[in-house]
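Predicted, not measured: the structure shown is a model, and the values here were computed from it. Throughout, protein chains are lettered first and strands after them, A, B, ... in sequence-line order, and every chain is numbered starting at 1.
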Amino acid sequence: MQKKFEINILFGGQAGDGIRQLGTLWAKLLAKRGLYVFLYDDYPSLIRGGHNFSIVRAANYPVETHKDQVDLIVALDLETINRHHHHLSEKGFILSEGKTSQGFSLPWSKTVKEAGVPRIMKNTVALGSLAKFCGISFEELSQVVKKLPQAEKNLEMAQKGYNLIPQTISLPSLPEEKRFLFYGNEAIALGAVAAGLKFYIAYPMTPASSILHYLAARRETFGVNVIHPENEIAAVLAALGSAYTGSPAMVGTSGGGFALMVEALSLSAQAEIPITFVECQRPGPSTGVPTYTMQGDLEFVLHAGHGEFPRVVLAPGDAFQAFYLTALALSLAWRYQIPTFILSDKHLSESLFCQNLPEKIPQISYKKWHKKDEYQRYSFEEDGISPLAFPGDKRAVVKATSYEHDPFGITTEEAEMIARMQAKRLKKENLLLQETEKLLETKGPERVPALVCWGSSKGAVQEVCKALGLRFIQPLVLRPFPKRALEKALAPASKVIVCETNATGQLAKLLKYHDLEVDEVILRYDGRPFTTDSLKKKVEPLI
Amino acid sequence: MQKKFEINILFGGQAGDGIRQLGTLWAKLLAKRGLYVFLYDDYPSLIRGGHNFSIVRAANYPVETHKDQVDLIVALDLETINRHHHHLSEKGFILSEGKTSQGFSLPWSKTVKEAGVPRIMKNTVALGSLAKFCGISFEELSQVVKKLPQAEKNLEMAQKGYNLIPQTISLPSLPEEKRFLFYGNEAIALGAVAAGLKFYIAYPMTPASSILHYLAARRETFGVNVIHPENEIAAVLAALGSAYTGSPAMVGTSGGGFALMVEALSLSAQAEIPITFVECQRPGPSTGVPTYTMQGDLEFVLHAGHGEFPRVVLAPGDAFQAFYLTALALSLAWRYQIPTFILSDKHLSESLFCQNLPEKIPQISYKKWHKKDEYQRYSFEEDGISPLAFPGDKRAVVKATSYEHDPFGITTEEAEMIARMQAKRLKKENLLLQETEKLLETKGPERVPALVCWGSSKGAVQEVCKALGLRFIQPLVLRPFPKRALEKALAPASKVIVCETNATGQLAKLLKYHDLEVDEVILRYDGRPFTTDSLKKKVEPLI
Amino acid sequence: MSLEGKTPLSTYAPNTWCPGCGNFGLLSAVKQVLLHLKEDNKLHQVVLVSGIGCHAKIVDYLAVNSFYSIHGRVLPVAWGIKMANPSLIVIGHAGDGDAYGEGISHLIFAAKRNTDLTFLVHNNRVYGLTTGQFTPTSPKKFKGRSTPFGSPEEPLNPIEIMLASKATFVARSYVGRPKHLAYIIKEAIKHPGFAFIDVLQPCYTFFNTYNFYNQYVREIPPSHPRENLEAALELARRWDYGEKAQEIPIGIFYQIKRPTFEEEALIKKHPSFDLKAYVAQNHS
Amino acid sequence: MSLEGKTPLSTYAPNTWCPGCGNFGLLSAVKQVLLHLKEDNKLHQVVLVSGIGCHAKIVDYLAVNSFYSIHGRVLPVAWGIKMANPSLIVIGHAGDGDAYGEGISHLIFAAKRNTDLTFLVHNNRVYGLTTGQFTPTSPKKFKGRSTPFGSPEEPLNPIEIMLASKATFVARSYVGRPKHLAYIIKEAIKHPGFAFIDVLQPCYTFFNTYNFYNQYVREIPPSHPRENLEAALELARRWDYGEKAQEIPIGIFYQIKRPTFEEEALIKKHPSFDLKAYVAQNHS
Ligand SMILES: Cc1ncc(C[n+]2csc(CCOP(=O)(O)OP(=O)(O)O)c2C)c(N)n1
Ligand SMILES: Cc1ncc(C[n+]2csc(CCOP(=O)(O)OP(=O)(O)O)c2C)c(N)n1
Ligand code: SF4
Ligand code: SF4
Ligand SMILES: [Mg+2]
Ligand SMILES: [Mg+2]
């Protein structure tokens, strides 16, 4: 086995400097070497100026989170050094345009100006310098740069940057294996496409917008219509209209936009129309901190909507899970004719993961009407699931409705029918539980403390477990709640420590609610995700 | 002590026949006699035709619920007899226009037609007959009838009805005591007015609309502006605008309308602007059964809104509580600068109660700014509550915001400030708990089973407890959850039975969540409230 | 059991509109149009979408595909249906509270987009089902239950709003002229794009406007140049939805052709998508 | 600590608009107007209300009362403020996404009601803060991040929409004409009723329209009869918010007087209310 290797680089500059692109290109470069990479992107809510940074971690073993401490800072402005120099490890380096005792001072701006290319290409120059510094061949570098728009100019800039600096360190490479780079939101989008999505309808809202952008740019390739309507209310109702005709639809937004969709969520439940919601959390309440992260909407999503009805809430923690669970969310929505949720957050949605795709991808399928007798949209069935027909079918009259109704979909106010229909819908919850209960990640030894987490905290928590020899537990489905599976997973733990990035410990509350003991709760609610090093420090005194 | 007396009368007819008015007049008549009365109103969602009925229960002891079995049916149409004759007690009577072996056949329509008065006055004729039948003097009757519009004609019709029938039974009367008649929604409206409401802003929605109608008709008397805007979203945001200037505002709606207000709920939390929501539940999901009842939105209201923040959820069970708790909701909203809720439902909102008003009425008050230093809308304070100033004050610049912010209300994205502000807001929850924990009704013996209920189920549950010698427990506040108070109240009970009109047992779940044991759950979810006789039958086998 | 009622196209649901309600006229006009579509063997392609209110009950009374949606949201639902299956004939039924109050944003965007729907507003100028409050088209001073001292607002003129929003088919009709109404609905269905019809529909119980309309309603003469916006506006301004009128024109105020949203916005083909190849190509 | 920044009326909040952003011009025009109000000793009566977007940051930069609300909801918040305290001078700042997309229903009703507010739309014809999607006033075919193949929709003309919605003050200005803009804002504040200003505000980063506006913007001549709706409409139609123009009129298109909502709807006095007497009288 190879020796463990990792390198953490922070790229910083102003909004508009292309920091995230720079980080992404670097990540690609190393991924092509077979290394595992992870990118964390940190940016304020503004378009130009301010301070952005991305941290790229690369290693010769799987990484799904970043560290506060970095080995190298690539500073496209002075601010970056001021803000982050104290995160630099003792033997770390700085590549920047300014004077520095700990690295190289490189005339990137001058290079760009002299070449007369757009200012933004400074990031390519810097990438060139970094590549050379790390001993990456120009051949490797150009593989990545040549895919950019204005490839030639960018190659030229990369070359210039490359020439500015001597090779100083060197990086390992790994035998090639099939792994891909996905931002969380790309994985969500692809999972939906892979399951059979036909309409994505969304109003822009950070940190969900990149699903919209990603799908819109590739709509012909994916065969998915992508619609940006006048507001979130129109989005969700158009999605329900689409699904009523048999055309699977998904909507995506953040907490405030989802709040506007809640009335229609309840409609989807009464009308039994499949739909998948992607809710990408950010710190609230209200507008809050739009470009940062928080796992603050769990209880909201679990209980949103007037009236009582089954739903599925899935919380992926990395790109692989995001892909798989989104496909599953669509599949379950259609098989059970219910609303399903992907609960993401800024940290999952906008971080870059280096992972594979699942072998088996859940597909949309549903109980079809067999065209005997007259069609009853809401026929009573053993399992509560009435067969589907769609408008346009000559033999069926398909009546969907928001009112309580009889099997044909005609409004009812009769006591007995009301009670039967309530029960019909709720019946599905048990079946669902059987199917989803197994969706749980458990790793690590017994008779040690367990760290329990959900969603985007997975990466950091998992790594801390590994480092400290603790048990790792991550439920992937939060409703229906996998009580028994969790009970089993928790039983061998000597202590239960829940870690989440919110202020009230929502998963911890959920565990207690289901009679599962929680000994400690580690919360972070400053808009930042857990990092592996900072979390470790918080865990150590508790074990 | 007098012998126990009660009489239950069902009034039935078509929508447009004035059934509810008839029942209300009857209730007034008996209330004037010093009797206790309760009116239940049952009507489908249509304007003319169909079948409406009201049940009025009157007794010489307090009644806050109705029974399925009645002593008398006043049938303004045949349908009433067809539907309800099996609810008539063995020795009961029917007053109607048709042939009947169990009562009187009375030519009410003919009377109206001959007099050439509007058809609707048939209800006055019937009232006359009923009064005479029960041995009520015409003098008493006219006290009530003369307050109607078109008093003279109505008196004439009452007289004609009175003459149609012989006295058959007689009713007791009680020494006069100060008790009043309020529909649940009237009590909510009055409680708000009494606490200091200045703006009621609402979009019509059953069963909340009657708050709007009641206040609109009396706006000058109450000194309350009543506004009906373009939709629920405008309603809640205008209310927040009003409160920002120091002018207390309340909004009212049902589940679907409230769903549309959730985004603004979260705004009220981040901006720390006081507001009171009245949510009158009806069976969902979605449009559901608009004119019937269900306690189905508890979990939704407890958790609505993105992000984490304190709120108060109060659930009155009768008019007295509705009055008091609404005043309290406004008072708490302003003292803590938080959103507060009155959770009602069709059964509470649209039933008529005969009760007194509380002695002490909570008033709106708030922490005022003392005009030292520069004003900071979100200053950090020991208790988390920043003093209030309002725009127009020459010495203060008042900056409210939906973004996470610093003490002045300027947007922040700094990690430390985010965490501090989250904590500042959440701090209030503990103070709130101390203040509201005592809001709990407990009655009855120890070492017997306890029935636990919330909201409109109170009337029936309380009466069943009395009848069966059980312990009665009703938490009035559901968030912050009065765990310790409930623990104490439940401790002496031999068994805990939760009764609620929903399909999943939401209060029962809440109790379990707080480690309070629940042995049995009695649910009703056919859109109808518990009645004392039907509930008793369900309880008996469990004790 | 069967969904069908005793008369053609009807269901077994009992009709619960008030005697005298203008919705009866509207229902029979719609039935007439649907019967024609049935003859053309197109009935199975029809989808009715309704909001919530008295008007909305129409979908319970008709044995055709329907989506009984929520208050104010007829149009986004109808739009979603049409986008997902453009071969369907989608007809929206909304109340004036629905269309001009709660849901007016969707109305403006449906017109702007020119999505290929037919949209009938059962405009009784009152909230019927919630028992008589003023709506955006109630006359000023209207005494409803939320405005017992009279509405403080001028009514909107939906015809003007639609013309300003780039609607391509703008019409008004009256339930008291059933033939006219049926004709307008047929024209609206034929129209490729967003077809808007404000249907004057007296609410017998809360705002009985039969006499008023009978007195002032005038059919727009065939000589009216439909594609002329100025002429349409001039006609539209003849009545401001106030209490008084000199003349209330009914008919097609305006009609032009413009590409539909479906033509402009939907992807052309749904190719088969090779996930593995795509990912290998784009995500490494 | 102090809220005040280094220049008059400013706060310590660092300005984070892009270099070249049209919002700078708007900010300085607003400051100019506020300085006048300060001289008149009215600054404490001013409340700014904003939505969410680049435009909305303006409230962080000004040391006056403000309510930084949520996307699309400037107008109901502003309305509530004005109703509750009519002595306040309430100025709304919205983006075009805010005002014409998410919140268009409120815009129409603000005009219909003639509530006494000033409403400035920072119309950059793009969603700025969410990084460049098309809005209701983007030209057809606009390539934004949600429509990389071009927007499928015609733009709305907000001037027309406002005229159809009974607005009593309808204006347009351009940040490239700062004096004009300041003048229009002053007139809007003076106007008793709903005063709407569509402010052309180039987004330097996502939709740089400076050259286009500089070329085509023309001030409406003083001879324009402001109270004439036809004349206003004619001017409004000279530019349809499309990619091309012959002329883009700026100035006051339309202005008339009509009672305000506050005059029509609010109760006149707040009497002292005797609960006990009232209840005894009415509830027994
Ligand atoms: C979100 C929401 N708000 C309010 C209601 C209550 N509501 C039901 S019907 C209706 C008004 C109906 O008026 P209109 O649309 O004019 O229809 P009409 O009954 O007059 O045909 C309202 C406000 C609702 N169902 N949903
Ligand atoms: C309900 C809701 N939906 C979406 C968003 C995300 N969002 C923030 S700003 C914005 C658009 C801003 O565009 P515009 O109003 O034109 O303002 P600009 O940034 O161009 O000034 C959006 C969609 C939000 N904050 N709230
Ligand atoms: S209330 Fe009016 S609109 Fe509704 S059914 Fe009756 S008459 Fe028709
Ligand atoms: S994105 Fe556009 S509107 Fe926003 S600050 Fe930059 S230039 Fe201004
Ligand atoms: Mg109506
Ligand atoms: Mg904009």
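- The neighbour count for A:R119 CZ, taken as heavy atoms of other residues, nucleotides or ligands under 6.0 Å away, does not exceed 12.
- No part of D:Y100 comes within reach of chain A, as not one of its non-hydrogen atoms sits under 4.5 angstrom from that chain.
- A tilted orientation is assigned to the rings of A:Y203 and D:H71, their planes being inclined by 30° to 60°.
- For D:I52, the part sitting under 4.5 Å from any heavy atom of chain A is the side chain, from C-beta outward, and nothing else.
- Proximity to chain D (any heavy atom under 4.5 Å) is shown, for A:Y214, by neither the backbone nor the side chain.
- At most 12 non-hydrogen atoms from other residues, nucleotides or ligands lie less than 6.0 angstrom from OH of D:Y204.
- When all heavy atoms of D:G128 and A:I47 are compared, the pair lying nearest together is O-CD1, 3.6 Å.
- For a residue to count as touching a neighbouring chain, one of its non-hydrogen atoms must lie under 4.5 Å from one of that chain's; by this rule A:L260 touches chain D with the side chain only.
- Applying the 6.0 Å contact sphere to NZ of D:K140 captures more than 12 heavy atoms from other residues, nucleotides or ligands.
- No more than 12 heavy atoms of other residues, nucleotides or ligands lie within 6.0 Å of NZ in A:K28, so this atom counts as exposed by the packing criterion.
- Taking the side chain as every heavy atom from C-beta outward, D:P136 and A:E230 never approach each other to under 4.5 Å.
- Residues A:R219 and D:F149 meet the side-chain proximity criterion, which asks for heavy atoms closer than 4.5 Å.
- Taken to the nearest 0.5 Å, the SG atom of D:C21 stands 12.0 Å off from the CG atom of A:L46.
- Your options are D:T147, D:I70, D:L129, D:T135, and the one with the most heavy-atom pairs under 4.5 Å with chain A is D:L129.
- When all heavy atoms are compared, the tightest approach of D:S146 to A:H213 is N-CD2, 4.2 Å.
- Chain A forms the most heavy-atom pairs under 4.5 Å with one residue out of D:G101, D:G103, D:P148, and that residue is D:P148.
- Only the backbone of D:S69 comes within less than 4.5 Å of a heavy atom in chain A; its side chain stays farther off.
- For A:S45, the parts sitting under 4.5 Å from any heavy atom of chain D are the backbone and the side chain alike.
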